[in-house]
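Below is one structure, written out as structure tokens; comments come after it.
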Amino acid sequence: MDKNKQGVSRRDFLKTGGVGAVGLAGLTGLARLGVPATSAAQDNGDQQETHMAHHGAGTVGQVDHAANGFDPHEILYDFDYGEIVGRENGRDIREWTMVAMDREFEIAPGLFFPGWVYGSTTSAASRRAGRIVGQCPGPTLRCIEGERLRVRFTNASSHPHTIHFHGIHSAFMDGIPGVGRGNVNPGETFVYEFNAQPFGCHLYHCHALPLKRHIHKGLYGAFIVDPDPEKYSGEEKEIAKTRNHQYPENQAVNEMVMVMNAFDTNFDGDNEVYAVNSIAFAYGMDNPITITGDKLQRIYLVNITEFDPINSLHIHANFFNYFDHGTTLQPTLKTVDTIMQCQAQRGIVEVSFTGFEPGMYMFHAHQSEFAELGWMGFFDLQGED
Amino acid sequence: MRRTDSIPLQRLPNWLLAVLPLALLAVLLVAFLGLNPLAYFTGAFPPLEEITIQRVLFPTNGQIQLEVINGGPDPVTIAQVLVDDAYWQHQVSPDKTLERLETATINIPYPWVDGEPLPITLITSTGLTFTEEVEVAVESPAVDSGTFLAYGLLGIYVGVIPVTLGMIWYPFMRRVDQKWMSAILALTIGLLVFLFVDTLLEALEIATEIPGVFQGVPLVIFGTLFSLGVLLAVGERRGGQTPLGIASLIALGIGLHNFGEGLAIGAAFATGAAALGSFLVIGFTLHNITEGVGIVAPLTRQERPPMRTFLLLALLAGGPAILGTWIGGFAFSPVLAVLFLSIGAGAILQVIWEVSKLLLRDARRTEQPALSWLNFAGLTAGILVMYLTAFLVKF
């Protein structure tokens, strides 16, 4: 066994000490570098980027509405009155021809959804295209209290569907599987027939099973029944006139349809896109809804959002009256700025911007998550000419 | 009598026979792609999309940068980006559609909050979502001289210095008698076994997160075997194993392993997972001190080599940690990390092989049993020390 030199030579000691000193220097160097330069980092460029970063919400790009065949700005004002085909028992018979079809459409720039949609021959989109265009939300069917309604429904989709109306009608015409006609299978036709009652803001949707999927894939639309002023008197009669599209008093009101809906693009039971009238941020800052202060604004607001228990509407800088289900001539809620609706709840919002300064007035769901995922928009109030 | 072939194959030149099957294969592939006989199967299937977010960087306040790769078989178009469940402005470069194995960088001007978690989601044109949950948003190291130096010093501190410290046991080791020397070798083998298992598992953990197309787990196995093979071959070439040669091989193996360790440390500090801070550094130091013991063990029975030799061995073993920390901090790529970690694991295997040979040779020479109780205790102690010091660095 070798015996090492017992002592440590001076050279060895110096060398070891040298290594140790380098190590210590490194440690202190490391420590000093570790102290973050706080205020020094906040130079102008940094602040500018932070400032810009806060305004960066929203989607990137534009949705091709022409390719979709329907436009949220058109759906906003489009009331599908169908066709009066005759009279029976002293009331008008109003008919629509509707179709259910499979359609892929763009809900956010670059984002496509494989939807099931309704279309009618008398919607603005179909009349423009010269053929039945499936749209989401489906056409807003509008009629008058007391009329006899017929909806000729043909299923041009690959799955069985129905149309279930929210209104007063017989079980046979209820549009649910297993009752009356039940499912309308692909290729088949059925005529739903019932009286238009009660007046109000209603909706229709598919009630085939599984219910969640048949609703959230896009089979729904608004269904409005105007009150008949002849049935009322006094102040109620005047109010009813403003709500009936056949009366000139209705012209003083700017009427809009907003169907709150959402899309679960990866089918995991959670919505990835929220919107009114299907397109995320459709009425955003670069494409707002233009309004004038001389008219009363009336919104037929319907909630058909799947997966989330409630949705809501909040209008900035103003308060409004709300008619729950629209089934009354007097508001059910006065002077509020936020109302909530669960799925299939709906109502009429009446808000006036008379005397307001021109500018952008935001409206959105007051679930911030929904707003940031597409359910927000702006009213662009024009100045007096 | 000469046998005649039905086809005069012997007349055909060699190269033609070699190329013929390949040429036929090319024809078959062209025909396949052209005629598309599998259309029956593919029908109306949606594309198989897979996007992996490989890195999330926070270059400065108000900026997020993602590095993504398409690890799936079909092209993917990134339609929108969501940060914390909100659609946000962004820019994809070079463009939103990624072909197979193509990478892209996404810049998002977003006011991220320091130290808070942040979920980032990509949504493709077909509506599929791919989410990365950033555990804590921390500003990424800027590639400037300051951080460069910092990470370099980090590498020195966890790599070179502990190894050097371990080497200072050399005078002590020279004085102990043979059976204790064998026990020390057994201890070294114990700690090396721990290092091997640890590195292998770390490589496998990252391997499961990289896109399937890279076949992470097979990559780990083949990387390990490959580096083991190369190092064994290098070792054999040196002929009669000199003690210095063995020590160098051990240092090389440990160096390769420390490169992988540096990668892990650098990446951890860069992504803010180093909230453990000084604990992490102390832990790695204790961990690596024992490596110095293993390197100088073969040198105890001969004349003491010059100081320069020890320094070079320390640099060989500890230096790669500096390189690894730089790469881990600034340019981390999970695929490369898997590769380097598995190479490190293979290197450790080779070191175990070399040190075991030493131990067996000594045992034969002194006619003592190789696996004596003392040696076994040394082996166990080695593993135990590593396991316990790892408490400081694992979470």
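Residue numbering restarts at 1 for every chain, and letters A, B, ... go by the order of the sequence lines.
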B:Ile78 portion near chain A, given a 4.5 angstrom heavy-atom threshold = neither
Residue A:Glu369 excluded, over 12 heavy atoms near CD under 6.0 Å = yes
message = I'd like to know which of A:Val273, A:Asp264, A:Thr59 tops the heavy-atom pair count under 4.5 Å against chain B.
response = A:Thr59
note = Heavy atoms of A:Glu272 and B:Thr129 approach each other most closely as CG-CG2, 3.9 Å
query = Say you draw a straight line from CD of B:Gln80 to CG of A:Leu373; how long is it, rounded to the nearest 0.5 Å?
reply = 11.0 Å
remark   = For B:Trp88 and A:Val60, the nearest pair of non-hydrogen atoms, with its separation, is O-CG2, 4.1 Å
inquiry  = If you count heavy-atom pairs within less than 4.5 Å of chain A, which of B:Val81, B:Leu82, B:Asp85, B:Ile64 leads?
reply    = B:Asp85
ask   = With only heavy atoms counted, which part of A:Phe267 is less than 4.5 Å from chain B, the side chain, the backbone, both or neither?
value = neither
ask   = Any idea which of B:Ile123, B:Asp84, B:Thr77 has the most non-hydrogen atom pairs under 4.5 angstrom with chain A?
value = B:Ile123
key: Residue B:Thr124 versus chain A: region with a heavy atom under 4.5 Å   = backbone
Results of side chain to side chain contact (heavy atoms under 4.5 Å, CB included) for A:Met360 - residues two or more places apart only = A:Met285, A:Pro288, A:Phe378, A:Asp380
request  = Tell me the residues of residues 102-115 of chain A whose non-hydrogen atoms fall below 4.5 Å from those of chain B, in number order.
outcome  = A:Pro109, A:Gly110, A:Leu111, A:Phe112
key: Enclosure of A:Met362 CE (heavy-atom neighbours >12, cutoff 6.0 Å)   = yes
